[in-house]
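The next block holds one structure in the form of structure tokens; read it before the comments.
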Amino acid sequence: MPTSPFKTNLRKKLKQVRDSLPIDPCVSTAVIDNLNSWMTGQNYSIVGFYLPIFHEVDLAPFMATWLEKNPGKKAAIPVIENSQMFFAEWSPETKLTKGIFNTLVPQTIRKITPDLLLIPCLGFDKSNYRLGYGGGWYDRYLSQTNPRPFTVGIAYSQCRIETIEPEETDIPLGLIITDENRN
């Protein structure tokens with residue numbers, strides 16, 4: 001998927017910002033606390049989330065606790081195969097293996113469709129448009145999924161920007177949760 005020079009430069013800048021942030025567990029804890037506060041009032045059955053790469057907030061411990069507190073609910077992580085993204089059931093006991101882009105995926109795949117997606121953001125703007133790594137995986141998944149799950153971006157507040165200059169294929173998220181607040 002071709003990307004604009006603006007977004008290419010913005011990705012580079014935001015990676016530098018995120019990579020320069022001190023590894024402060026308090027910041028990730030603040031993101032998780034805000035996510036937990038929001039999810040307490042929600043009734044989603046299947047939550048899609050991600051296993052972190054680079055310096056993304058690690059949601060796996062939170063999801064393990066959420067599953068323990070919510071019997072009958074399910075969690076899922078993204079899998080990319082044959083140029084398509086889908087979600088596979090995940091639990092703390094799931095055996096993982098390396099998938100495309102060196103992401104971790106379940107060894108045994110059981111496809112499920114989330115009704116809530118927690119999506120990592122490299123950057124985000126005031127209109128809840130997200131900037132990812134440029135592959136367009138989440139936007140394509142969302143454009144092909146009916147009904148579309150509710151989407152929550154997970155980001156560091158320092159990665160908020162004025163605009164990502166959204167393109168026709170960009171889909172705004174329903175909510176962004178950071179270490180500072182939620183929009």
Side-chain angles (χ1 to χ4, degrees), residues 10-42 44 46-70 73-80 85 87-92 94 96 98-106 114-139 141-142 149-161 164 171-183:
L10 190 55
R11 277 186 190 91
K12 183 177 179 183
K13 177 184 168 193
L14 287 169
K15 283 179 188 174
Q16 289 171 341
V17 167
R18 192 174 66 188
D19 292 348
S20 71
L21 294 173
I23 308 270
D24 183 352
C26 293
V27 174
S28 288
T29 299
V31 175
I32 299 295
D33 288 348
N34 286 335
L35 175 61
N36 185 49
S37 174
W38 179 78
M39 281 190 68
T40 298
Q42 306 302 315
Y44 293 101
I46 302 172
V47 177
F49 74 108
Y50 59 90
L51 297 176
I53 56 173
F54 309 116
H55 292 259
E56 295 170 343
V57 175
D58 185 358
L59 299 180
F62 169 78
M63 291 307 303
T65 301
W66 181 82
L67 286 170
E68 186 178 309
K69 290 179 180 178
N70 294 281
K73 306 252 177 166
K74 296 180 180 180
I77 56 175
V79 176
I80 297 172
M85 185 168 87
F87 283 80
E89 189 168 352
W90 174 91
S91 76
T94 300
L96 301 171
K98 292 272 183 171
I100 192 169
F101 308 121
N102 286 321
T103 57
L104 293 174
V105 299
D115 51 355
L116 170 65
L117 272 185
L118 306 177
I119 303 173
C121 300
L122 180 56
F124 66 98
D125 68 18
K126 62 186 176 188
S127 298
N128 288 355
Y129 282 99
R130 143 193 198 274
L131 188 71
Y133 296 109
W137 297 103
Y138 282 99
D139 289 321
Y141 176 81
L142 291 169
F150 187 75
T151 53
V152 176
I154 304 296
Y156 296 108
S157 58
Q158 294 90 334
C159 294
R160 179 182 289 117
I161 54 176
I164 71 157
I171 297 173
L173 303 177
L175 178 71
I176 306 284
I177 294 180
T178 71
D179 47 301
E180 290 182 353
N181 58 16
R182 36 183 213 255
N183 330 353

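Everything numeric in this text was worked out from a predicted model, so none of it was measured.
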Under 3.5 Å, is there a donor-acceptor pair between the side chain of [X] and the main chain of [Y]?
X    : Y    : result
D179 : A30  : no
R130 : L122 : no
N128 : P172 : no
T178 : E180 : yes

The criterion is side chain to side chain contact (heavy atoms under 4.5 Å, CB included); which residues satisfy it with I32, sequence neighbours excluded?
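Scan of I32 (side chain to side chain contact (heavy atoms under 4.5 Å, CB included), adjacent residues dropped) gives V57, L59, F62.
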What distance do [X] atom [atom1] and [Y] atom [atom2] have between them, rounded to the nearest 0.5 Å?
X    : Y    : atom1 : atom2 : result
M39  : L118 : CE    : CG    : 6.0 Å
I177 : L35  : CD1   : CG    : 4.5 Å
K74  : W66  : NZ    : CH2   : 11.0 Å
I154 : L117 : CD1   : CG    : 11.0 Å

Is the closest side-chain heavy-atom distance between [X] and [Y] below 4.5 Å?
X    : Y    : value
L173 : C121 : yes
F49  : P120 : no
L175 : F150 : yes

The criterion is ring pair (Phe, Tyr, Trp, His ring centres under 6.0 Å); which residues satisfy it with Y44, sequence neighbours excluded?
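Scan of Y44 (ring pair (Phe, Tyr, Trp, His ring centres under 6.0 Å), adjacent residues dropped) gives none.
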Taking ring pair (Phe, Tyr, Trp, His ring centres under 6.0 Å) as the definition, give me every residue that meets it alongside F87, ordered by chain and number, with sequence neighbours left out.
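Testing F87 for ring pair (Phe, Tyr, Trp, His ring centres under 6.0 Å), a comparison that skips the adjacent residues, returns Y141.
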With [X] via side chain to side chain donor-acceptor pair (under 3.5 Å) - residues at least two apart:
X    : value
D115 : none
T65  : none
K73  : N43

